[in-house]
Novice: 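There's a structure below that I have some questions on.
Order of appearance sets the numbers: ligands from 1, and atoms from 1 within every ligand.
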Amino acid sequence: MTLFLSIAIIALIYVVIFQIAKASEYVSILKGEEASRKQNNKINGFLMVAFLVLGFIGIYVCNKAYYGKTLLAQGAASVQGEKVDEMLWITLIITGIVFVITQFLLFWFAYKYQESDNRKSFFFAHSNKLELIWTAIPAITLTVLVIFGLRNWFFFTGEPPKNAMVVEVTGKQFGWIFRYPGKDAIFGKKYYKNIDPATNSVGIIWDDNYSQDDILTEQTMYVVKGQPVKLIIGSRDVVHDVGLSHFRLKMDAVPGIPTTMWFTPKYTTKEMREKTNNPNFAYEISCDQMCGNGHYSMKGIIEVVEQEEYDLWMAKQKPQYFVAFPEKDPTAAPVEAAKPDSTAKVATAKM
Ligand SMILES: [Cu+2]
C-alpha cells in the first residue's frame with residue numbers, strides 16, 4: 001500500500017513539474033524568447049547570491065549547534081594529541097580562509113557579471129604569471145603542512161623517553177588483549193601456535209624465563225597520568241586498528257607485523273569526567289578497521305590513573321603463568337594445592 005502511494009506521489013510530482021515547464025514555455029512564447037531569457041538570467045543571478053548568503057548562514061548555524069558535540073571542543077587528552085589538534089587547526093584555518101574567499105568570489109561574480117547589454121565580455125586566454133602564483137602558493141603551503149605532519153609522525157612512532165612504560169596490545173575478533181611485561185620489564189617470547197583462548201590468549205612461550213611474570217588483561221588497560229606509554233601493537237587474526245580518539249592517535253594492528261606508537265596521557269579518567277561534565281566518561285580504545293561482523297562491539301577502556309592507584313592495581317594482578325599453571329603459584333591457597341590433580345585441571349580450564 002505505502003509503495004503504491006509513494007509511486008503515485010512521485011508520478012504526481014512529475015506531472016506537476018512537467019505542467020509547470022510547459023506553462024512557462026507558453027508564457028515565454030507569449031512574452032517573446034529574448035525577454036523571458038533575460039528575466040531568467042536575472043533570477044538566476046539573484047539565486048546565486050541567495051545561495052551564498054544562506055550557505056554561509058547554514059555553516060554558522062551548524063557550527064554553533066554541533067561543534068560542542070565534537071571531540072575537538074573537548075581538547076586532546078595527550079601531549080601528542082595536542083600537536084595533532086594544532087595541525088588540524090592550522091589546516092582548518094588555512095582551508096577555511098581559502099574556502100570563504102573562493103566561494104564568495106564564485107557566487108558574487110556570477111551575480112555581478114551576469115549578461116548585460118552594456119558590457120562586452122573580455123577575452124582572456126592565458127597568463128603564465130597567474131598560473132605560477134596559484135600553483136606555487138598551494139604547493140608551498142602543502143609542503144609546509146606535510147613537513148609538520150611528518151615531524152609529528154616520526155615523533156609519535158619513534159623512540160619514547162626512557163621512563164616510558166610498555167604495553168603490548170593485541171587485537172582479536174572481537175576484543176583487545178593487553179600484556180604487561182611484569183617486574184623484569186621484558187616481554188616473554190610468543191608463538192602463535194601456543195594460543196589457547198582459556199589460559200594463553202596471545203601464545204606466550206612459557207619456557208622463556210622472561211614470560212613467567214608477564215601479566216595479561218582483557219578489555220581494560222591501565223596507564224599512568226604523565227608517564228609516556230609505548231604500545232606494541234599486533235593482531236591475532238585479521239587487521240584491526242587501535243583507535244584512541246581522545247588521545248588523537250590511531251595505528252593499524254597487523255598480524256605478524258608489530259607496529260608501535262607512544263603517547264603521554266595528560267588527564268586521569270577522573271579529571272576528564274570533571275572536565276567534560278560527564279560522570280560516565282571513559283577513554284575508549286576502539287577498532288578503527290572493519291574487521292568482521294562484531295567490529296562495532298570491539299571496544300576497550302583505558303583507565304588513566306595516578307601512579308599510586310596504578311601500583312595498587314598492578315599489585316593485584318597475577319602473572320598469567322600462574323593462571324595457566326596454578327599448581328606452580330607460590331601464593332595459591334594450600335587447600336587448592338591439596339586437591340587431586342584432575343580437579344585442579346578442570347578448574348583451570350574453566351577460567
Ligand atoms: Cu577490529
Novice: Please table the atom pairs, donor to acceptor, closer than 3.5 Å between any side-chain atom in residues 124-143 and protein atoms at least two apart or in another chain.
Specialist:
residue: H126; atom: NE2; partner: N128; partner atom: OD1; Å: 2.8
residue: S127; atom: OG; partner: K129; partner atom: N; Å: 3.4
residue: S127; atom: OG; partner: L130; partner atom: N; Å: 3.1
residue: T135; atom: OG1; partner: E131; partner atom: O; Å: 2.6
residue: T141; atom: OG1; partner: I137; partner atom: O; Å: 2.6
residue: T143; atom: OG1; partner: A139; partner atom: O; Å: 2.6

Novice: Need one value: angle at the Cu ion (ligand 1), C287 atom SG versus H240 atom ND1, rounded to 10 degrees.
Specialist: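 The angle at the Cu ion (ligand 1) comes to 120°, rounded to the nearest 10°.
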
Novice: Is M298 close enough to the Cu ion (ligand 1) that one of its N, O or S atoms comes in under 2.8 Å?
Specialist: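 Within the cut-off used here (under 2.8 Å), M298 does place an N, O or S atom near the Cu ion (ligand 1).
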
Novice: Would you please classify the geometry between the W313 ring and the Y310 ring as parallel, tilted or perpendicular, with 30° and 60° separating the classes?
Specialist: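 Y310 and W313: tilted rings.
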
Novice: State the CD-CG distance between Q80 and D85, to the nearest 0.5 angstrom.
Specialist: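 That separation rounds to 12.0 Å.
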
Novice: Mind checking whether the Cu ion (ligand 1) has an N, O or S of C291 under 2.8 Å?
Specialist: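 Checking the Cu ion (ligand 1) against C291, an N, O or S atom does fall under 2.8 Å.
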
Novice: Would you call E218 and K172 a salt bridge, taking side-chain N to carboxylate O under 4.0 Å as the test?
Specialist: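 Between K172 and E218 there is a salt bridge, with a charged N closer than 4.0 Å to a carboxylate O.
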
